[in-house]
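Have a look at the structure below, then the notes.
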Amino acid sequence: QVQLAESGGGSAQAGGSLRLSCGASTDTWCMAWVRQVPGKEREGVAAINGRGDSTYYSDSVQGRFTITRDVAKNTAYLEMTGLKPDDAGLYYCAAGAVRPCLGSTLNRLNSWGQGTKVTVSS
């Protein structure tokens with residue numbers, strides 16, 4: 001089992017930025033960020049494959065969030081810019097061996113972190 005640990009959550013002003021980090025205990029092909037916003041369905045917002053040459057973003061964050069990966073450190077990052085109040089919620093790191101590493105496959109990722117909370121003030 002891959003152990004995952006998120007960090008970097010906190011508070012930001014609307015229009016501001018935050019950077020989340022996810023450290024994994026071992027290498028894994030697909031790493032992703034999934035969020036739970038109060039009153040809305042759970043949403044896979046971003047994913048990146050093992051080579052870092054393919055990424056996925058949900059329509060709601062496209063153009064505002066960027067996922068990157070440091071393969072040597074088994075770490076994924078989510079850089080969030082242009083934050084909106086609707087972005088507030090609990091962000092989970094998820095990982096697994098699924099291919100392709102796209103939105104349609106994220107429900108099959110079997111390793112999850114504990115979540116890190118993001119708040120956005122207006």
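All heavy atoms count here, side chains included; hydrogens, waters and symmetry mates do not.
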(message) Could you walk me through whether Lys73 and Ser21 satisfy the side chain to side chain contact (heavy atoms under 4.5 Å, CB included) test, starting with their C-alpha distance in whole Å, then the side-chain angles of each, then the deciding distance to 0.1 Å, before giving a yes or no?
(response) CA-CA 11 Å; Lys73 296 182 178 180; Ser21 298; over 6 Å; no
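- Residue pairs that meet the disulfide (SG to SG under 2.5 Å) test with at least one member in residues 88-122, sequence neighbours left out, are Cys22-Cys93, Cys30-Cys101.
- For Ser7, the side chain to side chain donor-acceptor pair (under 3.5 Å) criterion is met by no residue, not counting sequence neighbours.
- Of all the heavy atoms in Glu6 and Trp33, the pair that sits closest is CG-CZ3, 3.8 Å.
- Shown here are the side-chain contact (heavy atoms from CB on, under 4.5 Å) partners of Asp59, two or more places apart in sequence or in another chain: there are none.
- Cluster note: Leu106 groups with Tyr56, Val98, Leu102, Leu109 through ILVMFWY side-chain heavy atoms spaced under 4.5 Å, whether in direct contact or through intervening members.
- Ser17 approaches Thr81 most closely through the heavy-atom pair OG-CG2, 3.4 Å.
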(request) I would like to know whether Phe65 and Leu83 meet side chain to side chain contact (heavy atoms under 4.5 Å, CB included); could you show each step before the answer? (result) CA-CA 9 Å; Phe65 292 9; Leu83 285 165; 4.1 Å; yes
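- Cluster partners of Leu90, by chain and number: Val34, Tyr92, Trp112. The rule joins Ile, Leu, Val, Met, Phe, Trp and Tyr whenever side-chain heavy atoms lie under 4.5 Å apart.
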(message) Go through it in stages, so that I can follow the logic: the residues are Arg35 and Val61, the test is side chain to side chain contact (heavy atoms under 4.5 Å, CB included), and I'd like the CA-CA distance, side-chain angles, deciding distance and then a yes or no.
(response) CA-CA 11 Å; Arg35 71 184 180 187; Val61 307; 3.8 Å; yes
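- Nearest heavy-atom pair, Ala14 versus Ser122, reported as atom, atom and distance to 0.1 Å: CB-CA, 4.2 Å.
- By the salt bridge (Lys or Arg N to Asp or Glu O under 4.0 Å) test, Asp86 is found to be paired with Lys40, residues two or more places apart in sequence or in another chain being considered.
- Looking at Asn74 and Val2, their side chains never come closer than 4.5 Å, going by heavy atoms from C-beta outward.
- Evaluation of the salt bridge (Lys or Arg N to Asp or Glu O under 4.0 Å) rule for Arg19 yields no partner, not counting sequence neighbours.
- With rounding to the nearest 0.5 angstrom, the OG1 atom of Thr119 is 10.0 Å from the CD atom of Gln13.
- Residue Tyr77 belongs to no hydrophobic cluster, having no ILVMFWY side-chain heavy atom closer than 4.5 Å to its own.
- For Arg64, the side chain to side chain donor-acceptor pair (under 3.5 Å) partners at least two apart in sequence or on another chain are Asp87.
- Remark: Thr105 engages no residue in a side chain to side chain donor-acceptor pair (under 3.5 Å) (not counting sequence neighbours).
- Atom CZ of Arg99 sits about 13.5 Å away from atom CZ of Arg108, to the nearest 0.5 Å.
- For Leu4 against Ala95, the heavy-atom pair with the smallest separation is CD1-N, 3.8 Å.
- Taken from CG in Leu18 to CD in Glu79, the straight-line distance is 11.0 Å, to the nearest 0.5 Å.
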(request) Apply side chain to side chain contact (heavy atoms under 4.5 Å, CB included) to the pair Leu20 and Met80, showing each step before the final yes or no. (result) CA-CA 8 Å; Leu20 308 182; Met80 305 183 292; 3.8 Å; yes
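- Proximity of a side-chain donor or acceptor of Thr55 to a complementary backbone N or O of Ile48 within less than 3.5 Å is not detected.
- Taking all atoms of both residues into account, the shortest heavy-atom contact from Met31 to Ala76 is CE-CB, 3.8 Å.
- Remark: Glu41 engages no residue in a side chain to side chain donor-acceptor pair (under 3.5 Å) (not counting sequence neighbours).
- Under the side-chain contact (heavy atoms from CB on, under 4.5 Å) criterion, Gln62 pairs with Tyr57, sequence neighbours left out.
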